[in-house]
Amino acid sequence: MSNRQPRGTIVRYNAGQRANHWLVAIAFVLLTFSGLALFHPAFYWFSHLFGGGPWNRILHPFIGVFFVIVFAILAIRMWGDNRMRSADWKWLRNSGKVMRKQLDDVPESGRYNGGQKLLFCAQVLLTLGMLITGIIMWRDFFWGFFSVEVIRIASVLHALFALLFILAIIIHIYAGIWVKGSMRSMTRGTVTPGWAYKHHRAWYRKLIGTEPSSK
């Protein structure tokens, strides 16, 4: 299948990738609301979205399992394009210039820039952390496998990992809005050649079959 679309657009994400992304997003929103309801009484009213406190407690870990599955599929799909390279570390060192839109000394980005790759790695690690601590806390199935002290530590870590993941998603959403045209890539699946050349020049050069500039 060609990476070029009619009328001067470029395919960045196909329908399957976009559906996978939005399933992850929906599952994360449900996890956040149900998790906050369990985290503090001030957020307990979120439990009404899931049928009340008991149902919220029952559904939260199952939603978590669904999230891990769809996120794992997405991560496997995106893994090859998110491996950190020397140019990505240089991009990160020059991230201040990127924010100021001074791109002369900034390395050309591939499909994802250094910031996106670092955020991806953080999300993978945080997902693993929430999965492990969540299993320890899931008393319906794993009661008796772990001591009370281990469960307490897991509960604190689970909340910490969840908070960091929420912050990571806020950064992800902000970046998607800040870089104009990024949201279109995940709603329509396409970007303009100008957008690709400006923000992910090495990826664009690869698509059109030209050699990237020297690093």
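- Annotation: cation-pi pair Arg201/Tyr204 absent, no NZ/CZ under 6.0 Å from the ring centroid and within 45° of its normal.
- In Met84, the CE atom is crowded: over 12 heavy atoms of neighbouring residues, nucleotides or ligands sit closer than 6.0 Å.
- Between the CG atom in Leu160 and the CG atom in Leu126 there is a gap of 8.5 Å [rounded to 0.5 Å].
- Annotation for Phe145: atom CZ does not count as buried by contact number, only 12 or fewer foreign heavy atoms lying within 6.0 Å.
- You'll find the side chain of Phe161 stays beyond 4.5 Å of the side chain of Leu125, heavy atoms only.
- Taking hydrophobic clusters as Ile, Leu, Val, Met, Phe, Trp and Tyr residues chained together by side-chain heavy-atom distances below 4.5 Å, Leu38 does not share a cluster with Ile136.
- A 4.5 Å side-chain heavy-atom check between Trp22 and Thr187 finds at least one atom pair inside the cut-off.
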Checking Arg77 against Gln17 for the side-chain contact (heavy atoms from CB on, under 4.5 Å) test, could you report, in this order, the C-alpha distance in whole Å, the side-chain angles of both residues, the deciding distance, and whether it holds?
CA-CA 8 Å; Arg77 283 177 161 176; Gln17 291 169 327; 4.2 Å; yes
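- Distance check, rounded to the nearest 0.5 Å: OG of Ser34 to CD1 of Ile63 gives 4.5 Å.
- Remark: the backbone N or O of Leu74 is paired with a side-chain donor or acceptor of Asn20 at under 3.5 angstrom.
- For the pair His158 and Ile153, the minimum side-chain heavy-atom distance is 4.5 Å or more.
- Between the side chain of Asn56 and the main chain of Gly52, no donor-acceptor pair closer than 3.5 Å is present.
- Phe142 and Ile135 make their closest contact through CD1-O, 3.3 Å (heavy atoms, listed as atom of the first residue, atom of the second, distance).
- What you find for Leu92 and Gly115 is that their closest heavy atoms are CD2-N, 3.6 Å.
- One distance of note links NE2 of His21 with CE of Met78; it measures 8.0 Å at 0.5 Å rounding.
- The environment of CZ in Phe39 is sparse: at most 12 heavy-atom neighbours from other residues, nucleotides or ligands sit within 6.0 Å.
- The nearest pair of heavy atoms linking Thr133 to Ala154 is CB-O, 3.6 Å.
- Side-chain heavy atoms closer than 4.5 Å link hydrophobic residues (I, L, V, M, F, W, Y) into clusters, and following such links, even through other members, never connects Ile76 to Phe67.
- Minimum interatomic distance between Ile10 and Pro193 (heavy atoms only, all atoms of both residues): CD1-CA, 3.8 Å.
- In this structure, the side chain of Trp55 does not engage the main chain of Ser47 through any donor-acceptor pair within 3.5 Å.
- For the pair Thr32 and Phe46, the minimum side-chain heavy-atom distance is 4.5 Å or more.
- Between Arg93 and Asp88 no salt bridge is recorded (no basic side-chain N to carboxylate O distance below 4.0 Å).
- Linking Ile, Leu, Val, Met, Phe, Trp and Tyr residues whenever their side-chain heavy atoms come within less than 4.5 Å leaves Ile171 and Met186 in two separate clusters.
- No close placement of the Phe146 and Trp138 rings is indicated, their centers lying 6.0 Å or farther apart.
- Ring geometry for Phe71 versus Phe165: interplanar angle over 60°, hence perpendicular rather than tilted (30 to 60°).
- In this structure a side-chain-to-backbone donor-acceptor pair under 3.5 Å is present from Arg18 to Tyr13.
- In this structure, Arg12 is positioned above the aromatic face of Tyr112, its NZ or CZ under 6.0 Å from the six-membered ring centre and within 45° of the axis.
- Distance alone, capped at 3.5 Å, places no donor-acceptor pair between the Arg205 side chain and the His200 backbone.
- Minimum interatomic distance between Ala75 and Val124 (heavy atoms only, all atoms of both residues): CB-CG2, 4.4 Å.
- Note that the CG atom of Leu36 and the CZ atom of Phe43 stand 5.5 Å from one another [nearest 0.5 Å].
- In this structure, Leu118 is not a member of the same hydrophobic cluster as Ile170, with clusters built from ILVMFWY side-chain heavy atoms closer than 4.5 Å.
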Decide yes or no on side-chain contact (heavy atoms from CB on, under 4.5 Å) for His172 and Leu119, but give the supporting numbers first.
CA-CA 8 Å; His172 175 66; Leu119 189 63; 3.8 Å; yes
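- Distance check, rounded to the nearest 0.5 Å: CG of Leu49 to CG of Leu59 gives 11.5 Å.
- Proximity of Leu31 to His60: side-chain heavy atoms (C-beta onward) are separated by under 4.5 Å at one or more points.
- Summarising the geometry, atom CE belonging to Met137 is positioned 13.0 Å from atom CZ belonging to Arg152; distances are rounded to the nearest 0.5 Å.
- Put simply, the side chain of Gln116 reaches to within 4.5 Å of the side chain of Asn113, judged on heavy atoms.
- The two atoms that bring Gly176 and Ser182 nearest to each other are O-CB, 3.5 Å, heavy atoms only.
- Two residues are said to be in side-chain contact when any heavy atoms from C-beta on lie closer than 4.5 Å; Leu30 and Phe66 fail this criterion.
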Derivation and outcome, side-chain contact (heavy atoms from CB on, under 4.5 Å), residues Ser109 and Trp203:
CA-CA 7 Å; Ser109 297; Trp203 175 65; over 6 Å; no
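- Looking at Lys117 and Arg83, their side chains never come closer than 4.5 Å, going by heavy atoms from C-beta outward.
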What verdict does the side-chain contact (heavy atoms from CB on, under 4.5 Å) test give for Val11 and Arg188, after you've listed the backbone C-alpha separation in whole Å, the side-chain angles of each residue and the deciding distance to 0.1 Å?
CA-CA 9 Å; Val11 173; Arg188 302 182 185 179; over 6 Å; no
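- Note: the hydrophobic cluster containing Ile26 also contains Ile173 (ILVMFWY, side chain heavy atoms under 4.5 Å, direct or indirect links).
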